[in-house]
> 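Encoded as structure tokens, here's the structure I'll be asking about.
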Protein chains: 2
Amino acid sequence: MPRRSGPGKRPTLADVAARAGVSAMTASRVAAGNYPVAPPTRAKVLRAMRDLDYVANAHARALGGAATGTVALVLDDATGPFFASIARGVERQAAAEGRLCLLCTTHGDPEREAAVVALLRERRAEAVILVGGAQDCATYTERMTAFAHSLEQSGSRLVLCGRPSPGPGVPATVVEYDNEGGAYAMTAYLLDNGHRTIAYVGREPGLSTTDERIAGFRRAHADHGAALDESLIRPGAFSREGGAAATAALWAERTDATAVFAATDIVAAGVLRALRERGVRVPEDVSVVGFDDIPLASDLTPALTTVRVPHEQLGREAVRRALHRGPEADDRVVLGTHIVVRDSAAPHLP
Amino acid sequence: MPRRSGPGKRPTLADVAARAGVSAMTASRVAAGNYPVAPPTRAKVLRAMRDLDYVANAHARALGGAATGTVALVLDDATGPFFASIARGVERQAAAEGRLCLLCTTHGDPEREAAVVALLRERRAEAVILVGGAQDCATYTERMTAFAHSLEQSGSRLVLCGRPSPGPGVPATVVEYDNEGGAYAMTAYLLDNGHRTIAYVGREPGLSTTDERIAGFRRAHADHGAALDESLIRPGAFSREGGAAATAALWAERTDATAVFAATDIVAAGVLRALRERGVRVPEDVSVVGFDDIPLASDLTPALTTVRVPHEQLGREAVRRALHRGPEADDRVVLGTHIVVRDSAAPHLP
DNA sequence: TCTATGGTAGAAACCGATAACTATCCCTCC
DNA sequence: GGAGGGATAGTTATCGGTTTCTACCATAGA
């Protein structure tokens, strides 16, 4: 049975030292184990530590100049399997490196993002990992540049994960994945299967990921000599409802698309639902593909053909590269993506 | 453009004070705003702070006795929509209360759990929230009791979220949800719909949640005067594969069940897959229901009838009750659960 | 016997912010 | 004119662990 001390009376090193009949310094050395201490003395100190259930004060250590052993993960929203997978990667790598992981959310609010970064500066987080697509405009670049510099001044490192780089010369690490290439591969796959009228559902204007994916979509069309009807690129929020609504709008207008490329797997879930409601069979009548390869993808009916994004690895790399910084060349990585073929896409026979 | 200071040279309050030509104390008072400072002086200090891009050192503050503004969330695994929702609730409430949230995972390893708790004691987290089902044995109770006491000694509060209480007199807050009641309601619903041969798939022996749900399952049978064939309670892991495998095993043995109660929604996804592979129609031939109501539930085909667990509220309550402690009576809450009827269950016509 | 040497342990200072106390200044009122 | 008091700013000490420097003892070698 552990001692039933009253609340808030934590034993300090001095207490341990007193109980062991040595100085605080000796107790500290036993705890750290980086200095020779005579075995009998060490035993007495260890005894006292166990008796008092001593734990060091991390804040005192950090104040003394030691690293804080903390990395911070900042995301839009902790729900969403996309973020969850990245969080898992971050947490795992952090744990593997003996760090604890702070989790913060911004709900897409730049002001809150700035507030969170300020809080993390106060805590001297060793790395601050910002995750998720962002509006890639001048304001964004400026903000990230400012964050990078103030974090650097606080001895911490900014990591942009799945976000555009603020440009060279800015002290930040960027870990991205190949949006353009993934979209290209998927579009090429559909084109190779005979599809010529492919709708892209879920364009969020200005969002960096959207822009890159649409670029790949276009390039594949061009490379295959396929005409691209701009009216097939449909706006829509990155949500089930967004996917369903955009599909409803598209089908109200025209029903000649033979394939739908959903901006994300979640959007694809909405697309599938909307099509099912209209009696359209997938993949017999229309092929549907997604992007992300979240766990949901394989649970949909039919199981979703999609683009695999290495979320967990993204998180691990973010932590790894922030903590062990090599040559400057390593400050930007792009992880590969590839398509995963399941059951939601079929050849289109003219 | 922000100042391009070299790395690691953070300005201190003393630097600010020097630049403003005042004492550190005055600068501190301006920062805290809890003491009258003459407007011209305040302006000078604020100016200096902005010039130097000053941020306080949270560790110094914490060392001085202030609260650390940190709550910790400890879970088995950050993936899993179940945990993600709780994490969201915890993070939101923490943010609302001006706290940051530490995220740790244990992968179900008690040793790692102890190590994590020790780390959190070092950091003086204000609350340590342990989430997720646990083996409810004597060892568990002992461990939790020990955690509760040592955390209390460190001035922090243990919260058990969705876990059994270690008993009265232990300084811990328990936030649970009604497993037994939810399982009872769902079983009663199936029985009311004429089902008499209901399989329970996904028993993890010894796990507290499993035991409670099966208790509800039994009680409903008893109350409805329905015989319960013990061989219909099938073991299986809490995973898609577990659900699929258990279903395959069951169907290999007997095919007379008219309904399947899956231990969790994830298990239900596996059950649905296994049934689909066997050409069994849901809900026409067999009804399938789950437990948790994670987002996936409404994306399955057919949309899953399941038991709603208020995950996010669970997280919020955990933080709220740990931070504002009222009378001791509030140390244990049980949040309600209720069934959500969708499309995966239908009446059984004899 | 006296001095090098190594092995141990302790004392003082420091990290940065702040609580508690003290010291001014200046104005008011007796 | 001097005591009293409000408003403001500064001094000192403290939180707990670590770094750096110093002090001691014992044994070995001269």
Side-chain angles (χ1 to χ4, degrees), chain A residues 8-46 48-49 52-69 118-119 121-124 153-156, chain B residues 8-46 48-49 52-70 118-119 121-125 153-156:
Chain A
K9 292 181 310 194
R10 355 163 197 283
T12 72
L13 253 189
D15 297 332
V16 171
R19 187 173 231 271
V22 301
S23 76
M25 221 23 255
T26 303
S28 167
R29 296 204 253 252
V30 170
N34 53 7
Y35 196 87
V37 173
T41 314
R42 137 171 289 116
K44 276 190 300 181
V45 172
L46 288 175
M49 286 185 170
L52 295 173
D53 191 20
Y54 169 78
V55 263
N57 184 327
H59 299 294
R61 267 215 266 260
L63 186 56
T68 58
L119 275 177
R121 282 220 288 158
E122 289 190 0
R123 307 209 177 202
R124 310 278 183 258
Q153 181 190 312
S154 308
S156 127
Chain B
K9 293 180 310 193
R10 354 161 195 284
T12 73
L13 209 42
D15 298 331
V16 170
R19 187 173 231 271
V22 301
S23 77
M25 211 39 239
T26 304
S28 167
R29 295 204 254 252
V30 170
N34 53 6
Y35 197 86
V37 173
T41 314
R42 139 170 287 118
K44 276 190 301 183
V45 173
L46 288 175
M49 286 185 170
L52 296 173
D53 192 19
Y54 169 78
V55 263
N57 184 327
H59 300 295
R61 269 215 265 259
L63 185 56
T68 58
T70 306
L119 275 177
R121 283 220 288 158
E122 289 190 1
R123 308 210 176 199
R124 311 277 184 256
Q153 183 191 310
S154 307
S156 128

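Labels below follow one simple rule: chain letters A, B, ... track the order of the sequence lines, proteins then strands, and each chain is numbered from 1.
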> Between dT14(D) atom P and His59(B) atom NE2, what is the distance in whole Å?
24 Å
> Side-chain N or O of Ser23(A) versus OP1/OP2 of dA11(C): is the shortest distance under 4.0 Å?
no
> Would you mind reading off the distance between Arg124(B) atom CZ and dG17(D) atom C1', rounded to a whole angstrom?
11 Å
> Would you find a donor on one side and an acceptor on the other, under 3.5 Å apart, between the side chain of Thr12(A) and the backbone of Ala14(A)?
yes
> Looking only at side-chain N and O atoms, does Thr26(B) come under 4.0 Å of OP1 or OP2 in dA9(D)?
no
> Between Arg121(A) (CZ) and dG16(C) (P), how many Å, whole number?
15 Å
> Whole-Å distance between dG16(C) C1' and Arg10(B) CZ?
11 Å
> Are Thr41(B) and dA9(D) close enough that a side-chain N or O sits under 4.0 Å from OP1 or OP2?
yes
> So, do Arg10(A) and Arg121(B) sit near enough that their side-chain heavy atoms are less than 4.5 Å apart?
no
> I want to check one thing: is the phosphate of dT18(C), taken as OP1 and OP2, less than 4.0 Å away from some side-chain N or O of Arg61(B)?
yes
> Would Arg61(A) and Thr68(A) count as a side-chain hydrogen bond (donor to acceptor under 3.5 Å, both in side chains) here? Give the steps.
CA-CA 8 Å; Arg61(A) 267 215 266 260; Thr68(A) 58; over 6 Å; no
> Provide, to the nearest angstrom, the distance between the CG atom belonging to Leu13(B) and the C1' atom belonging to dT11(D).
15 Å
> Ignoring hydrogens and geometry, is there a side-chain-to-backbone donor-acceptor pair from Arg29(B) to Tyr35(B) under 3.5 Å?
no
> Per the side chain to side chain contact (heavy atoms under 4.5 Å, CB included) rule, which among Thr26(B), Val22(B), Val37(B) passes with Arg42(B)?
Val37(B)
> For the pair made of CG in Leu52(A) and P in dG17(D), what is the distance, rounded to whole Å?
12 Å
> If only side-chain N and O atoms of Ser28(B) are considered, is one of them under 4.0 Å from the OP1 or OP2 phosphate oxygen of dA17(C)?
no
> Just checking Ala56(B): base, sugar-phosphate only, or nothing, at a heavy-atom cut-off of under 4.0 Å?
sugar-phosphate
> Hey, is the main chain of Ala60(B) close enough, under 3.5 Å, to the side chain of His59(A) for a donor-acceptor pair?
no
> If I take atom CG in residue Asn34(A) and atom P in nucleotide dT18(D), what distance separates them, rounded to the nearest angstrom?
8 Å
> Report the nucleotide, chosen from dA17(C), dT8(D), dT11(D), that has the shortest atom-to-atom distance to any side-chain atom of Met25(B).
dT11(D)
> Report yes if at least one side-chain N or O of Arg29(B) is closer than 4.0 Å to OP1 or OP2 of dT18(C); otherwise report no.
no
> With nearest nucleotide decided by heavy atoms, which residue, Gly65(B) or Arg42(B), maps closer to the 5′ end of DNA chain D?
Arg42(B)
> Is any side-chain nitrogen or oxygen of Thr12(B) closer than 4.0 Å to OP1 or OP2 of dG16(C)?
no
> What's the CG-P distance between Leu63(B) and dG16(D), to the nearest Å?
7 Å
> Contact class for Gly64(A) (heavy atom, under 4.0 Å): base, sugar-phosphate, or nothing?
base
> Look at the side chain of Tyr35(B) and the base of dA19(C), then say whether one donor and one acceptor between them are separated by less than 3.5 Å.
no
> Examine dG17(D): is either OP1 or OP2 under 4.0 Å from a nitrogen or oxygen in the side chain of Tyr54(A)? Give yes or no.
yes
